[in-house]
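Taking it in order: structure first as C-alpha cells, then the write-up.
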Amino acid sequence: MTASEGSAPVILVVEDEAPIRRLLTVLLESRGYRVVGASTGSEARIRAAETPPALVVLDLGLPDDDGITVLRELRTWLSTYVLVLSARTLEQEKVLALDEGANDYLTKPFGSAELLARVRVGLRSSQEARGLPSVVEFSGLRLDIAAREVSVDGRPVQLTPLEFRLLVELATHAGKALTHRHLLVHVWGVGSVGRNHYVRVCMANLRAKLGDTASHPRWIYTLPGVGYRMVDRDDRSAERDEHR
Ligand code: CA
C-alpha cells in the first residue's frame with residue numbers, strides 16, 4: 001500500500017470464482033475504492049484482520065466454509081457492513097444471511113450498476129454509523145463522500161482519487177485553516193511531509209476542475225505561507241451581516 005492509497009475506503013471481496021473476483025475488483029477500483037480480495041473463508045478472516053474493511057462483499061458459496069459460517073464468525077468481532085452475494089435464489093437463504101448479520105443481499109447474476117449502488121448505500125450507512133457526514137454541501141458544490149461523487153452547480157465533476165481526498169479533507173474541516181503539513185499527512189500520508197509542491201499541484205488541478213480560482217475564490221481560500229481554508233460563501237455573507 002502506498003501512502004496515496006491511505007484514505008480510500010477498503011472493500012473486502014470474498015469470492016472463490018476468480019473471474020468474478022477480478023470483475024468486482026476492476027469495477028470497484030474504477031470508482032476509487034481499494035479492494036482486498038479473498039478466495040476462501042479462512043483467507044477472508046485473515047484479510048479482514050489485517051486490513052479492517054469499510055465494507056465486505058461476501059459470496060455465500062465458498063469452497064472451504066459456507067459463507068453463512070464465515071459471516072457468523074466475522075460478526076463476532078467485525079461490525080462492518082456486509083453485502084452478501086449468492087447464486088442461490090431461495091428466500092430462506094436470504095433470510096438466514098440477514099439473520100446472521102448481513103446488511104444487504106444481491107443475487108447473481110447482477111448488473112454492475114446495481115452492485116455499485118448497493119456498495120454506495122452500504123458505505124454511506126457505515127459512514128453515518130461512525131458519525132461522519134456522508135454528504136457535504138456548499139453553495140453550488142455538493143460532495144457525496146460515500147458515493148465519491150462531486151457536482152458543481154448540478155454538473156458532475158470527475159476528480160482523481162487524490163483530488164477527491166484533498167477536497168474531502170478541506171470540506172470536512174470547513175472554516176478551519178489547514179496547513180500544508182496537515183494536508184500532506186491526511187491526504188498523502190506522513191511520508192510526504194515537506195513535499196508542499198504535492199499540495200500546490202493537486203490544488204491547482206482541483207480548483208481548475210471545480211471552476212474555482214485562487215485570485216477570486218468561490219470555496220477554497222489560500223492562506224499564504226500557511227495552507228488553505230474552505231469556506232462556504234453563504235457562511236461568509238452571514239458573517240458579514242453580523243458585523244454590519
Ligand atoms: Ca462461489
Side-chain angles (χ1 to χ4, degrees), residues 1-88 93-94 96-106 108 110 115-116 118-132 134 145-148 161-162 164-165 168-169 172 185-192:
M1 180 182 132
T2 66
S4 66
E5 289 168 331
S7 55
V10 172
I11 299 182
L12 173 62
V13 173
V14 188
E15 167 64 78
D16 59 310
E17 287 159 79
I20 300 181
R21 199 172 59 245
R22 270 199 297 273
L23 179 86
L24 288 169
T25 302
V26 168
L27 186 64
L28 293 167
E29 285 181 348
S30 75
R31 293 302 189 280
Y33 305 121
R34 200 180 139 223
V35 176
V36 172
S39 55
T40 63
S42 43
E43 200 187 347
R45 293 183 194 97
I46 295 167
R47 297 284 167 263
E50 280 173 352
T51 314
L55 184 139
V56 179
V57 177
L58 175 66
D59 179 34
L60 286 187
L62 295 171
D64 52 348
D65 280 328
D66 187 276
I68 297 279
T69 311
V70 177
L71 176 63
R72 196 176 287 146
E73 209 207 280
L74 284 179
R75 269 293 170 255
T76 61
W77 57 277
L78 191 73
S79 61
T80 302
Y81 193 98
V82 177
L83 170 62
V84 157
L85 297 183
S86 178
R88 302 171 217 186
E93 284 290 337
K94 301 181 190 182
L96 184 56
L98 295 169
D99 278 347
E100 292 296 340
N103 299 84
D104 197 7
Y105 195 102
L106 199 53
K108 292 179 186 172
F110 49 83
L115 177 94
L116 289 172
R118 301 292 187 93
V119 165
R120 282 197 296 271
V121 167
L123 288 172
R124 194 174 292 137
S125 94
S126 319
Q127 196 118 6
E128 279 163 6
R130 292 204 309 275
L132 297 169
S134 64
I145 297 173
R148 305 179 77 77
L162 270 178
F164 181 80
R165 287 208 290 283
V168 168
E169 193 61 27
T172 53
V185 168
H186 291 89
V187 178
W188 281 263
V190 73
S192 301

Closest heavy-atom contact between [X] and [Y]?
| X | Y | answer |
| --- | --- | --- |
| A54 | P9 | CB-CB, 4.1 Å |
| Y105 | S86 | OH-CB, 3.6 Å |
| V84 | A102 | CG2-CB, 3.6 Å |
| P52 | V10 | O-CB, 4.4 Å |
| D16 | G61 | OD1-O, 2.9 Å |
| A8 | G32 | CB-O, 3.5 Å |

Are side-chain heavy atoms of [X] and [Y] found at a separation under 4.5 Å?
| X | Y | value |
| --- | --- | --- |
| L55 | Y33 | no |
| L28 | L116 | yes |
| V57 | L85 | yes |
| V36 | E50 | no |
| L58 | L62 | yes |
| D104 | V121 | no |
| L24 | I11 | no |

Basic-acidic side-chain contact under 4.0 Å: D59, R21 = no
Not counting sequence neighbours, which residues clear side-chain contact (heavy atoms from CB on, under 4.5 Å) with T40? List them please.
-> S42, E43, P63, D64
Is the backbone of [Y] close enough, under 3.5 Å, to the side chain of [X] for a donor and an acceptor to pair up by distance?
| X | Y | value |
| --- | --- | --- |
| R148 | R31 | yes |
| R75 | T80 | yes |
| E17 | P19 | no |
| R120 | L123 | no |

For R124, enumerate each residue passing the side chain to side chain donor-acceptor pair (under 3.5 Å) test, keeping only those at least two apart in sequence or located in another chain.
-> D144
With sequence neighbours left out, write down each residue that passes side chain to side chain donor-acceptor pair (under 3.5 Å) with E29, or none if nothing qualifies.
-> none
Intermediate values then yes/no, side chain to side chain contact (heavy atoms under 4.5 Å, CB included), V56 and L78 | CA-CA 10 Å; V56 179; L78 191 73; 4.2 Å; yes
Out of curiosity, [X] [atom1] to [Y] [atom2], how far, rounded to the nearest 0.5 Å?
| X | Y | atom1 | atom2 | result |
| --- | --- | --- | --- | --- |
| E15 | L60 | CD | CG | 10.0 Å |
| T51 | I46 | OG1 | CD1 | 11.5 Å |
| R118 | L106 | CZ | CG | 5.0 Å |

